[in-house]
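Here is the structure we will look at, set down as structure tokens.
Counting starts at 1 for both ligands and their atoms, in listed order.
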Amino acid sequence: MNYISTRGNTAPKTFSEVLLMGLAPDGGLMLPERYPQIDAATLDKWRGLSYPNLSFEIMRLFATDIPEDDLRAIIGNTYTEEAFGTQAITPVRTLSDGLKIQALSNGPTLAFKDMAMQFLGNAFEYVLKKAGATLNIVGATSGDTGSAAEYALRGKEGVHVFMMSPEGKMSAFQRAQMYSLHDANIHNIAVKGMFDDCQDIVKAVQNDAAFKAQYRIGTVNSINWGRVMAQIVYYFAGYFYATQSNAETVSFCVPSGNFGNICAGHIAKQMGLPIGRLMVATNENDVLDEFFKTGRYLPRSAAQTHVTSSPSMDISKASNFERFVFDLAGRNPAEIRALWEQVASGAGFDLGGLLDEARGQYGFVSGKSTHADRLATIRRVYEEDGELIDPHTADGVKVARELRENGETVVCLETALPAKFADTIREALGGSVAIPRPAKLEGLENLPQRVQTVPADADAVKNIIRRVLD
Ligand SMILES: *Cc1c(COP(=O)(O)O)cnc(C)c1O
């Protein structure tokens, strides 16, 4: 299986090459040259496989240059009951109104990003070792991504992680999660500034070509193909867990920001998984909802991005969206280049003419949820089902309930656990509600923390990197 760029000006690459890439050199995103097609007999065989075995069957279609025994070992080390809490890895439960919830957030950092990042950590280590190479990840986080990357890469050979976060802007829980890691290859850097300052520093480091080459700088952001691939698996697993037979159809509702999670659902559907509709749930940052309602895609600036109580969806430029638009526009790289030139100029684009296809052939619909919706949904699920859901999952449940049709089976993806967002849960339910926390995270905030604080200045960060690697 070869990989091509959505912009069409990058020579085809293998899976191992794509795994270590961020953006393609031509500015596009890498995708398989075609999606493997799963026929009914294969789907029958896959029903009943364990999560690791299902992962292997799916990933071997994409990671064709990794010897099968090695791939099996990487997967076997990743999707364990120890790391994800259950043998099912992503179990599905049903609320009293029939809506189903698939738990993707029982990994080490309690958010769905662990599902892909844990795999990526093991795959990175394997590919680097084989090539005799090393890689140094420089990233910025306002919460979930940074901790998922650190827990995936801690203690891994050949990899260092330099993760910037805005000083004092994350929750006490999120700070403790990252800063309590004492592995020698994990470097937490608190920047005196905002998240945007952290991102500017990442860009400055990336744009210093000499520095980037000398210190072998890489990233693990959501455009990484390995992450999207690993996410395809849980759509298959969720389908099998939610149905009795492969004659049934299931729709998925996905709390969305960068369009990475639901992009994997799109690919699963294109592979032949009987997915009915793909419901995009946004918060107040509703760029994607606007697209699926009107055909207009108008990314907004950081200044126009609302700070909300589902912060991991506070994104106004959906970095994986280009992968879907590539398929929607008939896989024509010239058109993608033209569309993203319009995006770069600030004009955005209008694909209203393709909306019928986006909804019909591709099954996309969308909805939006606000702070008040989130609180009301958390309250209703608590009252009706006696369970807590996190604010991002609440956005999904709100939109799923709004869009669900009679007889439609809808699986809503649970993207984080409530323990991570205790303040909003208390705002919804009052201060006395007990918010359960996995035993392994009891007392997290009391552990000794390790972090270096620097001014919002790329040179200060480069100096830290030099000191570690020289
Ligand atoms: C990252 C994240 C999302 C958004 O996922 P995308 O792949 O960026 O669309 C939603 N919920 C939570 C909790 C997240 O961490």
Side-chain angles (χ1 to χ4, degrees), residues 29 90 101-118 120 139-152 170-171 173-174 177-178 195 220-232 234-235 252-268 278-289 291-292 299 305 308-324 364 366 368-369 374 377-378 388-400 412-422 424-425:
L29 303 183
T90 63
I101 307 238
Q102 185 178 8
L104 303 181
S105 39
N106 294 322
T109 74
L110 313 189
F112 91 96
K113 295 194 171 64
D114 289 327
M115 290 302 305
M117 209 72 96
Q118 288 285 311
L120 206 61
T141 188
S142 55
D144 296 338
T145 307
S147 54
E150 291 190 352
Y151 280 75
M170 296 190 297
S171 72
F173 180 90
Q174 287 175 318
Q177 241 186 345
M178 291 178 53
F195 174 62
V220 286
N221 45 26
S222 77
I223 56 172
N224 180 282
W225 166 255
R227 286 179 63 178
V228 176
M229 178 190 73
Q231 290 168 183
I232 294 171
Y234 56 69
Y235 284 88
F252 285 89
C253 185
V254 187
S256 297
N258 268 319
F259 206 78
N261 193 348
I262 202 162
C263 185
H266 158 66
I267 295 172
L278 287 163
M279 303 171 171
V280 180
T282 75
N283 65 15
E284 288 88 338
N285 297 295
D286 56 355
V287 178
L288 291 170
D289 183 39
F291 175 80
F292 287 105
T305 304
T308 77
S309 48
S310 45
S312 302
M313 293 155 62
D314 291 349
I315 290 159
S316 294
K317 219 177 256 161
S319 56
N320 273 290
F321 190 49
E322 186 171 330
R323 288 194 162 109
F324 168 66
F364 274 92
S366 70
K368 164 183 174 176
S369 165
R374 225 163 279 140
T377 304
I378 291 169
L388 297 175
I389 55 171
D390 103 289
H392 306 78
T393 309
D395 288 332
V397 168
K398 187 264 180 183
V399 169
C412 185
L413 300 188
E414 180 172 55
T415 55
L417 288 193
K420 267 195 123 153
F421 301 97
T424 304
I425 305 298

- Atom indices of ligand 1 within 4.0 angstrom of Gly260 heavy atoms, with elements: 6 (P), 7 (O), 9 (O)

- Parallel, tilted or perpendicular: ring planes of Tyr235 versus Phe252, cut at 30 and 60 degrees: perpendicular

- Asp289 versus Thr282, side-chain donor and acceptor atoms under 3.5 Å: no

- Query: Do Arg323 and Val228 have side chains that get closer than 4.5 Å, going by heavy atoms?
  - Reply: yes

- Item | Nearest-neighbour protein heavy atom for atom 9 (O) of ligand 1, which is reported as residue plus atom name and distance | Gly257 N, 2.7 Å

- Message: Centroid separation under 6.0 Å, is that true for the rings of His392 and Phe421?
- Response: yes

- Can you find an N or O of Lys113 that's nearer than 3.5 Å to an N or O of ligand 1? yes

- Message: Do Thr305 and Asp314 pair up side chain to side chain, a donor and an acceptor below 3.5 Å, judged on atom types alone?
- Response: no

- Hey, which atoms in ligand 1 end up nearer than 4.0 Å to a heavy atom of Asp144? 13 (C), 14 (C), 15 (O)

- May I ask you to identify, for Asn261, whether its side chain, its backbone, both or neither come under 4.0 Å of ligand 1 on a heavy-atom basis? both

- Are Thr90 and Gln102 close enough that a side-chain donor and a side-chain acceptor fall under 3.5 Å? yes

- Task: May I ask you to check whether Asp390 has an N/O atom sitting below 3.5 Å from an N/O atom of ligand 1?
- Result: no

- Side chains of Met313 and Thr308: does their closest heavy-atom pair fall under 4.5 Å? no

- Query: With a 4.0 Å cut-off on heavy atoms, does Pro255 reach ligand 1?
  - Reply: yes

- Pick one of side chain, backbone, both or neither for how Phe112 approaches ligand 1, counting any non-hydrogen atom pair under 4.0 Å. side chain

- Query: Hey, are Asp286 and Lys368 close enough for a salt bridge, meaning a charged N less than 4.0 Å from a carboxylate O?
  - Reply: yes

- May I ask you to list the atoms of ligand 1 that are less than 4.0 angstrom from any heavy atom of Met313? 10 (C)

- Message: Ala416 versus ligand 1: do any nitrogen or oxygen atoms come within less than 3.5 Å of each other?
- Response: no

- Query: Which residue holds the protein heavy atom closest to atom 11 (N) of ligand 1, what is that atom called, and what is the gap in Å?
  - Reply: Thr415 OG1, 2.9 Å

- Query: To which protein heavy atom is atom 8 (O) of ligand 1 closest, and what is the distance rounded to 0.1 Å?
  - Reply: Asn258 N, 2.8 Å

